[in-house]
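Take a look at the structure set out below.
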2 protein chains.
Amino acid sequence: MPEFFHDQKLYYTPIEFALNHIGGTWKMPILWRLQYKVLRYGELKKDIPHITHKMLASQLRDMEQKGMIERKVYPVVPPKVEYSLTEKGLKAIPVIEHIMKFGYDMMNEAGITL
Amino acid sequence: MPEFFHDQKLYYTPIEFALNHIGGTWKMPILWRLQYKVLRYGELKKDIPHITHKMLASQLRDMEQKGMIERKVYPVVPPKVEYSLTEKGLKAIPVIEHIMKFGYDMMNEAGITL
DNA sequence: CCGTATCCAAGGAGATACTG
DNA sequence: CAGTATCTCCTTGGATACGG
């Protein structure tokens, strides 16, 4: 396993780098919803249960800075801002699909029924 | 997206549940090394660069409790303890493979060469 | 050789309030 | 409608020491 610096941070493995892009509680749920549709801030907020204003905003900033999503501001009142996946963000979708399936799998094993 | 309780904790999505099993800095590197070989504590420690005694021990405890790895103690001096994947743990391997590939992919995009 | 406990710093994440 | 800032709590993870 290699190790490298990027953006002021030391990474030990590719896995760590991957999790930096799609890890945490909210990044995947956000990316997942943008896979087909461009969405406004408020739509994302409404679509993702339990996410707080702060977390949605900060995670969007983070992923925008990483080049995974694009932010388009319309200079109107009231403000309108649209978010969409970039090519880079699109590459995360199949991975998220696998992780989600794995999650359901583990839920099964744990006897969790919905 | 459903939400459910498990083991004293509230989960909002299958993704969150999945990350609970394989997320964090060290779980995947550990599981990855157990995919073919049964390994002793000291071997794991030696094989995984930068992992601390505490993190290796605590993550092994955690995954043992989740039924992803098996712990076998040999009553000898000095102590000998072997760790191996369970069927459940084995299911994580293909997912880890995808995440790792994604990590390399993102490294490429970021212009990181090894 | 392997495990646990303790102390501590950094980041994740919630609640709330203020801005244009 | 969308974005920031602040305050605070909790979890993760590192360093270190002690125990069988």
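Lettering of chains follows the sequences in order, A, B, ..., and the numbering in each one begins at 1.
- In this model, the phosphate group of dG3(D) is approached by a side-chain N or O of Tyr83(A) to a distance below 4.0 Å at OP1 or OP2.
- Across the protein-nucleic acid pair, Glu16(B) atom CD and dA13(C) atom C1' stand 11 Å apart, rounded to whole Å.
- Of the possible donor and acceptor atoms, none in the side chain of Arg71(B) sits under 3.5 Å from a partner among the backbone N and O of Glu82(B).
- Using five terminal pairs a side, the axes of the helix from dC1(C)-dG20(D) to dG20(C)-dC1(D) at its two ends make an angle of 30°, given in steps of 10 degrees.
- In this structure, CZ of Arg61(B) is placed 11 Å from P of dA5(C), rounded to the nearest angstrom.
- Residue Leu10(B) contributes atom CG, which lies 14 Å from atom P of dA13(C) at whole-angstrom precision.
- Going from atom CD1 of Ile51(A) over to atom C1' of dA15(C) covers 15 Å, rounded to whole Å.
- In this structure, Gln8(A) places its CD atom 12 Å from P of dG11(C), rounding to the nearest Å.
- Using a 4.0 Å cut-off between a side-chain N of Lys or Arg and a carboxylate O of Asp or Glu, Lys37(B) and Glu43(B) do not qualify as a salt bridge.
- The shortest distance between the side-chain N/O atoms of Arg71(B) and the OP1/OP2 oxygens of dG3(C) is below 4.0 Å.
- Residue Leu56(B) contributes atom CG, which lies 14 Å from atom P of dA15(D) at whole-angstrom precision.
- The closest donor-acceptor contact from the side chain of Lys88(A) to the backbone of Lys66(A) lies under 3.5 Å.
- Checking the phosphate oxygens (OP1, OP2) of dC1(C), no side-chain nitrogen or oxygen of Arg40(B) falls inside 4.0 Å.
- The NZ atom of Lys54(A) sits 11 Å away from the P atom of dA15(C) (whole-angstrom rounding).
- Nearest-nucleotide positions on DNA chain C for Pro79(B) and Gln59(A) put Pro79(B) closer to the 5' end.
- Aromatic rings from Phe17(A) and Phe4(A) are positioned such that their centres are separated by under 6.0 Å.
- Remark: the backbone N or O of Tyr12(A) is paired with a side-chain donor or acceptor of Glu16(A) at under 3.5 angstrom.
- Close to dT4(C), at under 4.0 Å from its OP1 or OP2, lies no side-chain N or O of Ser58(B).
- Although no hydrogens or angles enter the test, the distance criterion places no donor-acceptor pair under 3.5 Å between the side chain of Arg40(B) and the main chain of Tyr83(B).
- Between Thr52(B) and the phosphate of dG13(D), there is no side-chain N or O to OP1/OP2 separation shorter than 4.0 Å.
- Here dG13(D) presents its P atom at 14 Å from CG of Leu60(B), a figure rounded to the nearest Å.
- At least one donor-acceptor pair under 3.5 Å links the side chain of Thr86(B) to the backbone N or O of Gly67(B).
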